[in-house]
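Take a look at the structure set out below.
Note that the coordinates shown come from a computational prediction; the quantities given were computed from them, not determined experimentally. Residue indices begin at 1 and follow the sequence shown. Values below: every heavy atom of this structure, side chains too, minus hydrogens, waters and symmetry copies.
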Amino acid sequence: MQNARALYEIELKEKGVYRWVKSLRALVRPTIALSAVGFYIGAKVYGIPLTEFDYYLIGGVFAFYFGLRTLEKRSGKV
């Protein structure tokens, strides 16, 4: 597979897979990203101290979710 979108398109064409299963699969990546954003905002609002590891973890999720998609779009792979 060249990228995640090609794999996703193949999965959409699968026969015998329930529609709700396909929907659930599509929600994993956005759920993880929005949870990381929610955790970061909640920590800032409620004054929870974040460690260096927390910033690496949240930054990694941001980079993977937002940065990777941007790079794919700019390179024309999407």
Side-chain angles (χ1 to χ4, degrees):
M1 292 296 122
Q2 288 184 359
N3 61 24
R5 180 155 317 271
L7 180 61
Y8 178 69
E9 289 173 1
I10 290 170
E11 287 179 351
L12 283 177
K13 295 176 184 174
E14 290 178 357
K15 304 271 188 224
V17 178
Y18 293 111
R19 193 177 208 164
W20 66 270
V21 173
K22 291 180 184 179
S23 298
L24 188 63
R25 283 191 214 167
L27 290 175
V28 173
R29 191 172 169 180
T31 301
I32 292 170
L34 292 175
S35 297
V37 171
F39 173 75
Y40 178 75
I41 291 171
K44 290 298 182 181
V45 167
Y46 294 110
I48 299 171
L50 297 175
T51 64
E52 187 175 339
F53 177 75
D54 294 329
Y55 283 111
Y56 287 144
L57 185 63
I58 294 167
V61 170
F62 283 154
F64 176 75
Y65 189 72
F66 298 108
L68 183 62
R69 296 287 297 149
T70 303
L71 291 176
E72 285 179 346
K73 287 181 181 180
R74 286 187 181 167
S75 68
K77 291 183 180 180
V78 177

What donor-acceptor contacts under 3.5 angstrom involve side-chain atoms of residues 30-41, with partners at least two apart or in another chain?
unit_1: T31; atom_1: OG1; unit_2: L27; atom_2: O; d: 2.5
unit_1: S35; atom_1: OG; unit_2: T31; atom_2: O; d: 2.7

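- Sequence neighbours left out, the pairs with a member in residues 53-64 that pass side chain to side chain donor-acceptor pair (under 3.5 Å) are K44-Y55, T51-D54, E52-Y56.
- For A43, the side-chain contact (heavy atoms from CB on, under 4.5 Å) criterion is met by I48, L50, not counting sequence neighbours.
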